[in-house]
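Notes to accompany the following structure.
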Amino acid sequence: MVVAGETVLPVGGEVSRPADLAAAVREIEAAERPRWVWADTRETYPALLESGARVGRCHDLALTEGLLLAYEGRHGESRTAMAAHARLRGLPVPEEAPSPPGTLFAPEPMAAEAVAEVLADQLRRVAALPEPGRFRLLVAAESAGALVAAEMTHEGMPWRKDLHDELLTGLLGPRPVHGMRPARLQALADEVAAAFGRPVNPDSVRQLVKAFKDAGVELKSTRSWELKRVEHPAVAPLLAYKELARLFSAHGWAWADQWVRGGRFRPEYVVGGVVSGRWATSGGGALQIPKVMRRVVVADEGWTLVVADAAQLEPRVLAAMAGDVGLARAAGEIDLYSALATSFGGQRDHAKIAMLSAMYGGTSGDASKLLAVMRQRFPKAYQFVEDAAKAGEEGRLVRSWLGRTSPPPSARWRELVSGPEGGRAARDRGRFTRNFVVQGTAAEWALALLAVLRGLLPEPAGLVFFQHDEVMVHCPREQAGEVVAAVQTAAAEATRLLFGDTPVRFPMEAVPVTCYADAK
DNA sequence: AAGGTAGGCGCC
DNA sequence: AAAGGGCGCCTACCTT
């Protein structure tokens, strides 16, 4: 069924079995390379991939509905395609019932006609926006991101369980029986207890604070940076314990049993899971893998990992968005902060502090002095983030470059802000919106890069990991050069798509490595 | 027993 | 060297 030039996937219609569906998709894809339109990529695409069907482009109704509702200030409304359809028809909006990902047919598959109606409505709403071109790009990038996410879960990141076990055993001792601490952790816990002269559970904040207090040390918290300032024999073993305990509990043997299969780590990505447009993951903690674990991510025999990350992405994004000529000139260099140094008395680190403070609302230390320099030297960039902060403090919405819109402040915030401690709440909100415009646009650039890169990769190379401003491609060794070049092309194209002709450069260094740990 | 919150820390 | 915003996930601890 073709509506308005769009191919609508007949889920639950005349094609009833997944294998038939996959075959039909393959056939149509090969013949027409259409833009598929479906309710939710997470529901539909994993099973297609299982059946060997890949698609080039799609329009994800649920993700698009979410973007549109946010833009329209309708944050509380359900973003599923079914809900969107019900609203169109004036019917009761169904409860949000997330179906488990990987099921090809949602409990109540949407009729093709309903899909087409929601699509038409969304296209109308986009066309009515002040910047429809930008929003169309956002919709396309978000939908492409959903395809990439499903494909990365399908492909999986190479993960050597044997090396992971070796790493853990080396740091913690052999895998303990369930419910026990590994030997090294237990030894450190014993050292902590010995230093206090009594049993203390190093996992218990309350017990630790009490133990330190009895030893004459007052602590506000047991955060490691605070402990580091304390002179006490328990501190060293406690810091070592904390570091290893986290490794054990968050990325230890039990984690591997749950998330690593067949030499692949397959996290579930949540596209647009962060309000700023960054991705989140549900389960597996894929975006918080400790750096020490990178050594267990190893390419298959004869294959290579091409690892690429965008350098200083957020200040470059700010330079391009604000149209600040001076900052854009600096952002035309590979090392933006070095290029800025002359404006800050030749001190690169001062330039960096100024930029970070401007983007995040920092106030500590030398920030205010450096921000004054920034304001004078780069007035447009400074004003851009100041305006975003002011909007937040006043409870207004802000938008990223392509139109992703911040959530409105809560009712609780509105209460707080008019109360005696209102200034603090307002400033917190201002920091959030100040950062939103930069982080959100950086996420859009990364999404565009991902979408373009996906289309440039030669078979059988595949994206296997994405973390905010970093991508990893797994490919046969002889394709490494081609993949590195594809990353460069994709970075340039992402820049052009978002900002057109800009002097700002977005360097993306791509290196082929056998092991992830060798990439930095 | 189950669910929620807080403290803490990993990543960008 | 760090500051800042954003997350997810762990354990401890409290409430129901």
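Order of the sequence lines fixes the chain letters, A, B, ..., with proteins taken first and strands second; residue numbering starts at 1 for each chain.
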At 4.0 Å (heavy atoms only), tell me whether [X] reaches a base, stays on the sugar-phosphate, or touches nothing.
| X | result |
| --- | --- |
| Ser357(A) | nothing |
| Gln467(A) | sugar-phosphate |
| Asp309(A) | nothing |
| Gly273(A) | nothing |
| Ser204(A) | sugar-phosphate |
| Arg206(A) | sugar-phosphate |
| Arg278(A) | base |
| Arg294(A) | sugar-phosphate |

(message) Can you confirm if the aromatic rings of Trp445(A) and Phe499(A) lie within a centre distance of less than 6.0 Å?
(response) no

(message) For Phe466(A) together with Tyr269(A), are the ring centres under 6.0 Å from each other?
(response) no

Could you tell me whether the phosphate oxygens of [N], OP1 or OP2, come under 4.0 Å of any side-chain nitrogen or oxygen in [X]?
| X | N | result |
| --- | --- | --- |
| Ser224(A) | dC9(B) | yes |
| Ser282(A) | dG8(C) | no |
| Lys291(A) | dC12(B) | yes |
| Lys242(A) | dG8(B) | no |
| Ser276(A) | dG6(C) | no |

What's the [atom1]-[atom2] distance between [X] and [N], to the nearest Å?
| X | N | atom1 | atom2 | answer |
| --- | --- | --- | --- | --- |
| Glu243(A) | dC10(C) | CD | C1' | 16 Å |
| Ile353(A) | dA3(C) | CD1 | P | 11 Å |
| Tyr241(A) | dA12(C) | OH | P | 8 Å |

(message) On the six-membered ring of Tyr516(A), is Arg294(A) placed so that its NZ or CZ lies under 6.0 angstrom from the centre and within 45° of the ring axis?
(response) yes

(message) Quick check with a 6.0 Å cut-off and a 45 degree axis cone: is Arg181(A) positioned over the face of Phe248(A)'s six-membered ring?
(response) no

Any salt bridge between [X] and [Y], counting N to O under 4.0 Å?
| X | Y | result |
| --- | --- | --- |
| Asp214(A) | Lys210(A) | yes |
| Lys242(A) | Glu226(A) | no |
| Arg375(A) | Glu386(A) | no |

Within the sub-3.5 Å range, which N or O atoms of nucleotides 1-6 of chain B have a protein N or O partner, and how far apart are they?
none

(message) Can you tell me the base-pairing partner of dT16(C)? Count Watson-Crick or G-U wobble geometry only, both distances below 3.5 Å, and say none if there is no partner.
(response) dA1(B)

(request) Tell which nucleotide pairs with dG7(B), taking only Watson-Crick or G-U wobble pairs whose two distances are both under 3.5 angstrom. (result) dC10(C)

(message) Testing the 3.5 Å rule here: is there a donor-acceptor pair between the side chains of Gln376(A) and Tyr382(A)?
(response) no

